[in-house]
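Working notes, beginning with the structure itself.
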Protein chains: 2
Amino acid sequence: MSVEREVGAVQRMTRQRAALLEAIEGQGGFRSAQAIHHDLRARGDAVGLATVYRGLQALADAGVVDSLRTAEGESLYRRCARAEHHHHLVCRSCGRAEEIDGPSVESWARSVGGAHGFVDIEHVVELFGTCAECRARG
Amino acid sequence: MSVEREVGAVQRMTRQRAALLEAIEGQGGFRSAQAIHHDLRARGDAVGLATVYRGLQALADAGVVDSLRTAEGESLYRRCARAEHHHHLVCRSCGRAEEIDGPSVESWARSVGGAHGFVDIEHVVELFGTCAECRARG
DNA sequence: ATGCGTGCAAACGATTTGCAGCCGG
DNA sequence: CCGGCTGCAAATCGTTTGCACGCAT
């Protein structure tokens, strides 16, 4: 299933939308909207910053990309295979990310919440670290 | 050990600092800097917004208050007993919060990180839900 | 006295939005 | 053609910072 197939059905395919998708396809890890915008400009694809934000938001809603927020409050995006709930292990130096299943965390969250009488538990779990490659590179 | 004792040693005790501490002592759950600022003004203690931010930051550094960020990127603060690492279960409707130990999460984070070759693993774990009281109240 | 602490307003950085014109279907 | 899409700039929003003055020590 191509990205065009996933998104095209609901949205118009414009030059900028295509450029955005291509940029996202090409990147390995999580990047900020601003960084993606820079990439596009550098690559010669002139796209407005606002359009990048709007597009990213739409893609996130459509489940094509996954987004998370850094501790500093910046949003990061990344093409994401699965739509189901999962977490990430993000390299703080290169942005490379691994998708993680946290079955133990899921159950932990639910039981802790229940033990305190809380319901409708939502949880935010993100891991940050330095990947082997970046560690080696120094 | 009083708050004055904890903070006074390193910082000057001013009217606004005292007001801020009092406001924080009185509140049960996590509140935003802006909300705390409103409380102070409402109570008659005129304190600048910037001062509230600066004070909160200082208290957080001193380990007197605990801070966390909502999914929307807003910082919330709360008087916090223990300085050690722990997580929170926050009521999304009243801000009431329970401090949580996550031994299982700690080890899970470390092992997952290691399994992927990542080092210096940091983790962000926050739980949000609706507390029993708020659920009852509707 | 000294210089930390404060208030105010301007600065900021990320993100959003209003609006007139453009272009994909 | 028509309505969604875009660019640009102005507007938000939470938070930070520069500066001159005040007050705790």
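Numbers restart at 1 for each chain; the letters A, B, ... are given by sequence-line order, proteins then strands. What you are looking at is a predicted structure, and each value in this text was computed from that prediction instead of being measured.
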List the atom of A/Arg17, the atom of A/Arg12, and the distance in Å for their closest heavy-atom pair.
-> NE-O, 3.3 Å
Whole angstrom is fine here: how far is it from CD in A/Glu72 over to C1' in C/dG13?
-> 13 Å
Picking from B/Ile36, B/Asp45, B/Val47, what satisfies side chain to side chain contact (heavy atoms under 4.5 Å, CB included) with B/Leu20?
-> B/Ile36
Taking 4.0 angstrom as the limit, do A/Arg110 and A/Glu106 come out as a salt bridge?
-> no
Decide yes or no for A/Phe128 and B/Ile121: does some side-chain heavy atom of the first lie under 4.5 Å from some side-chain heavy atom of the second?
-> no
Greater than 12 external heavy atoms within 6.0 Å of A/Arg43's CZ = yes
Whole-Å distance between C/dT6 P and B/Arg15 CZ?
-> 9 Å
Would you kindly give the CZ-to-P distance between B/Arg17 and D/dT25, to the nearest whole Å?
-> 10 Å
Whole-Å gap separating P (C/dT16) and CD (A/Gln34) | 11 Å
Mind checking A/Ser32 for me? I need base, sugar-phosphate or nothing, with any heavy atom below 4.0 Å counting as a touch.
-> nothing
DNA chain D contacts made by residues 45-56 of chain A, counting heavy atoms under 4.0 Å = A/Ala46, A/Val47, A/Gly48, A/Ala50, A/Thr51, A/Arg54
Which residue, B/Ser75 or A/Thr14, contacts DNA chain D at a nucleotide closer to its 5' end, judged by nearest heavy atom?
-> A/Thr14
Helix axis bend for the helix from C/dA1-D/dT25 to C/dA14-D/dT12 - C1'-based end axes, five pairs, 10° rounding = 30°
Member of B/Leu68, B/Thr70, B/Leu76, B/Leu89 meeting the side chain to side chain contact (heavy atoms under 4.5 Å, CB included) criterion with B/Glu126 = B/Leu68
Starting at CG of B/Leu21 and ending at P of C/dG5, how long is that distance when rounded to a whole Å?
-> 13 Å
Would you say D/dT15 has OP1 or OP2 under 4.0 Å from some side-chain N or O of B/Gln57?
-> no
Within the modelled atom types, does a donor on one side and an acceptor on the other bring the side chain of A/Arg12 and the base of D/dC5 under 3.5 Å apart?
-> no
CA sep, side-chain torsions, deciding dist, call: A/Glu99, A/His87, side chain to side chain donor-acceptor pair (under 3.5 Å) | CA-CA 6 Å; A/Glu99 300 196 346; A/His87 304 289; over 6 Å; no
